[in-house]
Amino acid sequence: MDSSIVQHLFNNFYQLFPNTSSIAIADLDKFIYYKPSLDIDLKIKPGDTIHSETVTYKAITTKKRVKEYKGDTIFGVSYYAISQPIMMQKKIVGAMTAIFPREPRGLSIPYLTVRTSDRWVPIHFENIIFMEAQNRKTNVTSENRNGTHRYNLTELEIILPNNIFIRCHRSYIINLHQIREVHPDSHSTFILIMSDQSRVPVSQSYSKQLRNILGF
């Protein structure tokens, strides 16, 4: 990746993480960009080889988002990291990693707090059915309460646990445990019938991943 691509990635993704995080960007072999925070600094230098025990290495090799707490054996300091693979034209070219001194509180609590007409309501992950981007807002549909969340779908996709939630369309994230049926569809690859009977489309970009997860 050249410097212009790195800067583009940084500008677009740094806002997704709290200011207390350090940010590292890597290609397939080495780190190519690093910005430490005031709270934690792993002393990474551009050109450093990616160690096989790092979260960055795991994200690249598995091609999946990885969240893990790591001890001090690699960098001499304990840390919590979230690493997101970077895909270009359906090929993995590296990863971006946010590094925290500890697991962020917002990631350790299994709730999303949504805004309703007159209050804020915490909704447990297991009760969320799907999230939809609409009119620059994220609408959250759950078993017993609906509302809006201040993060967009890209931000939520990174924060939410990927063993529960999956992006299935540029406008939708669904709870895998809330799927009731999968139907073929002429306008999109599939239509998901959710537990509340809502119909959620699966676009071609996400169909292979959904097939692999559901095993069909």
Side-chain angles (χ1 to χ4, degrees), residues 7-25 35 37-40 55 59 64-69 79-87 95-179 192 194-196 198-203 205-206 209-210:
Q7 189 61 49
H8 175 73
L9 290 169
F10 182 79
N11 290 341
N12 280 277
F13 287 99
Y14 187 72
Q15 62 180 316
L16 303 184
F17 302 101
N19 292 329
T20 54
S21 67
S22 299
I23 297 290
I25 300 175
K35 180 179 176 62
S37 72
L38 295 176
D39 294 312
I40 187 166
V55 177
K64 296 179 180 178
R65 184 172 74 249
V66 179
K67 307 175 185 179
E68 284 186 6
Y69 175 83
Y79 65 97
Y80 182 87
I82 306 171
S83 191
Q84 178 76 20
I86 300 169
M87 308 295 292
M96 172 172 276
T97 305
I99 302 149
F100 306 85
R102 65 194 65 82
E103 183 174 5
R105 182 175 178 83
L107 302 179
S108 59
I109 299 175
Y111 293 88
L112 277 186
T113 300
V114 303
R115 177 70 185 265
T116 64
S117 59
D118 60 350
R119 69 196 69 186
W120 287 269
V121 180
I123 300 177
H124 197 282
F125 287 167
E126 67 183 20
N127 295 325
I128 296 172
I129 301 172
F130 67 92
M131 287 157 277
E132 179 184 5
Q134 193 175 68
N135 298 325
R136 297 185 178 182
K137 292 183 179 180
T138 297
N139 295 325
V140 179
T141 298
S142 75
E143 293 177 349
N144 48 24
R145 184 88 61 164
N146 299 336
T148 60
H149 196 274
R150 63 190 182 95
Y151 286 176
N152 62 40
L153 288 187
T154 300
E155 293 169 322
L156 289 170
E157 186 181 12
I158 291 175
I159 291 172
L160 293 170
N162 56 8
N163 62 327
I164 300 176
F165 297 97
I166 182 174
R167 188 82 169 257
C168 65
H169 188 281
R170 67 181 182 180
S171 298
Y172 291 92
I173 291 176
I174 55 97
N175 184 335
L176 289 165
H177 304 289
Q178 295 280 358
I179 299 172
L192 302 176
M194 306 304 292
S195 60
D196 66 342
S198 294
R199 297 170 66 86
V200 175
V202 179
S203 66
S205 300
Y206 297 96
Q209 181 184 11
L210 187 72

Distance-only criterion, 3.5 Å: show the donor-acceptor pairs between side-chain atoms of residues 124-136 and protein atoms not counting sequence neighbours.
{"unit_1": "His124", "atom_1": "ND1", "unit_2": "Glu126", "atom_2": "N", "d": "3.1"}
{"unit_1": "Glu132", "atom_1": "OE2", "unit_2": "Tyr172", "atom_2": "OH", "d": "3.1"}
{"unit_1": "Gln134", "atom_1": "OE1", "unit_2": "Asn139", "atom_2": "ND2", "d": "3.1"}

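- Residues Ser198 and Asp196 bring a donor and an acceptor atom of their side chains to less than 3.5 Å of each other.
- The minimum heavy-atom distance linking Ile99 with Ala24 is given by the pair CD1-CB, 4.3 Å.
- The CD1 atom of Ile82 sits 4.5 Å away from the CZ atom of Phe100 when rounded to the nearest 0.5 Å.
- Two residues are said to be in side-chain contact when any heavy atoms from C-beta on lie closer than 4.5 Å; Ile173 and Ile166 fail this criterion.
- Contact check for Cys168 versus Val200: side-chain heavy atoms found under the 4.5 Å cut-off.
- Between the side chain of Lys67 and the backbone N or O of Leu160 there is at least one donor-acceptor pair closer than 3.5 Å.
- Annotation: the span from Leu210 atom CG to Ser203 atom OG amounts to 10.0 Å, rounded to 0.5 Å.
- No more than 12 heavy atoms of other residues, nucleotides or ligands sit less than 6.0 Å from atom CZ of Arg199.
- Between the side chain of Ser22 and the backbone N or O of Ser37, at least one donor-acceptor pair lies under 3.5 Å.
- Nearest heavy atoms, Arg115 versus Trp120: NH1-CZ2, 3.1 Å.
- The minimum heavy-atom distance between Val55 and Ser83, with the atom names listed, is CG1-CB, 3.6 Å.
- Using a 4.5 Å heavy-atom cutoff, the side chains of Ile164 and Asn162 are not in contact.
- Judged by distance alone, with hydrogens and angles left aside, the side-chain atoms of Thr138 form a donor-acceptor pair with the main-chain N or O of Tyr151 at under 3.5 Å.
- Using a 4.5 Å cut-off on side-chain heavy atoms (C-beta onward), Thr148 and Thr116 make no contact.
- When Ile179, Ile174, Asn175 are each tested for a side chain to side chain contact (heavy atoms under 4.5 Å, CB included) with His177, only one passes: Asn175.
- Listed here is the closest heavy atom pair of Asp39 and Pro101: CB-CG, 4.0 Å.
- Annotation: the span from Ile25 atom CD1 to Thr97 atom OG1 amounts to 9.0 Å, rounded to 0.5 Å.
- In this structure the side chain of Val66 reaches within 4.5 angstrom of the side chain of Glu68, judged on heavy atoms.
- With Glu157 as the partner, the salt bridge (Lys or Arg N to Asp or Glu O under 4.0 Å) test is satisfied by one option alone out of Arg167, Arg170, Arg65: Arg167.
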Any chance you could lay out the side chain to side chain contact (heavy atoms under 4.5 Å, CB included) test for Lys137 and His149, step after step, and finish with the verdict? CA-CA 7 Å; Lys137 292 183 179 180; His149 196 274; over 6 Å; no

